[in-house]
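All values below come from the heavy atoms of this structure, side chains included, with hydrogens, waters and symmetry mates left out. For ligands, and for the atoms within them, numbers begin at 1 and follow the listed sequence. From a predicted model like this one, the values you see are computed outputs, not experimental measurements.
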Amino acid sequence: MIKRILLPCFFTLTGLCLQGQPSVLPDSLLAHVRELSADRYQGRRTQEAGNLMAGDYLLIRFQAMGLRPFDSSFVQPFQFYNRWLKESLTGRNIVGYVQGTAHPDQYIVLSAHYDHLGVRNDQIYNGADDNASGTGALLEIARYFSQHPPQHSILFAAFDAEELGLQGAASFVDEPPVPLGNILLDINMDMISRNVKNELYICGTKYTPSFRAPLEKLGENSPISIVFGHEEPEPRGMDDWTMSSDHGRFHQKGIPFLYFGVEDHEDYHQPTDDFDRVMPDFYVNAANFILESLLLLDEKL
Ligand SMILES: [Zn+2]
């Protein structure tokens with residue numbers, strides 16, 4: 001089998017490979033993660049200054065690439081009660097969309113949370129993999145579609161307060177900017193930048209089996225291994241990822257989801273989840289596979 005990675009590929013400024021293979025821009029993708037996981041963002045904890053900086057970073061880029069806002073703003077603030085802190089907190093989802101050419105009223109949501117754990121015991125939890133990686137891919141895939149409009153509308157959602165109980169996604173599905181019935185699917189990215197086994201998991205096809213075969217086939221041409229699973233209920237709930245990230249809130253509302261992510265590593269929820277642990281080739285290949293999956297599903301839905 002000829003793997004795509006063996007083919008020489010020259011990127012244009014639009015993100016379209018000259019050989020016709022759709023692609024994110026690797027340098028931009030990595031630059032987003034380097035930036036968002038820098039110490040000055042202080043671990044992007046909801047409501048804190050570093051988190052607001054990260055939200056502004058996304059907002060400026062959504063604007064610059066010409067995404068459309070809902071109700072004239074990319075910012076969707078929400079409040080929630082935090083049981084551990086026993087206080088009410090305010091988060092901000094950053095949301096925009098590209099209008100579909102054939103089905104403008106039908107939406108595919110692409111989501112990633114941008115918040116992380118903040119600072120604990122004077123140590124900054126930079127959350128490079130969790131989840132600056134998904135956030136960077138969200139930005140680069142949004143840029144691709146802003147330049148190559150899809151058939152269905154694609155809604156790009158950078159969720160806040162995932163680490164505090166999937167709160168941003170909960171607020172989004174409770175007060176959606178478009179009718180929930182018009183959302184066909186949520187594709188959620190959380191931790192996609194490193195894996196020593198070269199494996200990227202897709203979770204969710206158990207609930208929507210028709211997605212499995214086309215994604216499996218697409219995976220055969222990817223330089224990384226595409227693996228399905230982590231969706232079977234079992235007694236302790238550790239291995240079932242159905243509710244492990246924001247896609248769970250869509251699932252609770254009966255909306256199909258696909259979650260892309262890697263298995264936990266030694267830096268998961270540690271202050272060592274830093275940019276220098278990202279595996280650039282794996283990350284670029286994962287982001288490109290997610291872009292290709294989105295193109296395929298846009299075609300098939
Ligand atoms: Zn996390």
Exercise. Have a look at His113 and tell me which of Thr135, Asp130, Asp160 forms a side-chain hydrogen bond (donor to acceptor under 3.5 Å, both in side chains) with it.
Key: Asp130
Quiz item: What are the two closest heavy atoms between Val196 and Met279, and how far apart are they?
Solution: N-SD, 4.4 Å
Quiz item: With respect to the Zn ion (ligand 1), what is the nearest N, O or S atom of Glu163?
Solution: OE2
Exercise. State, to 0.1 Å, how close Glu199 and Val262 come at their nearest heavy-atom pair, and which atoms those are.
Key: O-CG1, 3.7 Å
Quiz item: Is the Zn ion (ligand 1) less than 2.8 Å from an N/O/S atom of Asp190, whether that atom is in the backbone or a side chain?
Solution: no
Quiz prompt | Any N, O or S atom of Glu162 closer than 2.8 Å to the Zn ion (ligand 1) | solution = no
Quiz prompt | the Zn ion (ligand 1) - closest N/O/S atom in Asp130 | solution = OD2
Quiz item: Counting backbone and side chain alike, does His269 bring an N/O/S atom below 2.8 Å of the Zn ion (ligand 1)?
Solution: yes
Quiz item: Should side-chain heavy atoms under 4.5 Å link Ile, Leu, Val, Met, Phe, Trp and Tyr, which residues sit in the same cluster as Val178?
Solution: Phe70, Val95, Tyr97, Tyr107, Val109, Leu155, Phe159, Phe172, Val173, Leu180, Ile183, Phe250, Ile255
Quiz item: Sequence neighbours excluded, which residues qualify as side chain to side chain contact (heavy atoms under 4.5 Å, CB included) partners of Asn198?
Solution: Ile224, Phe282
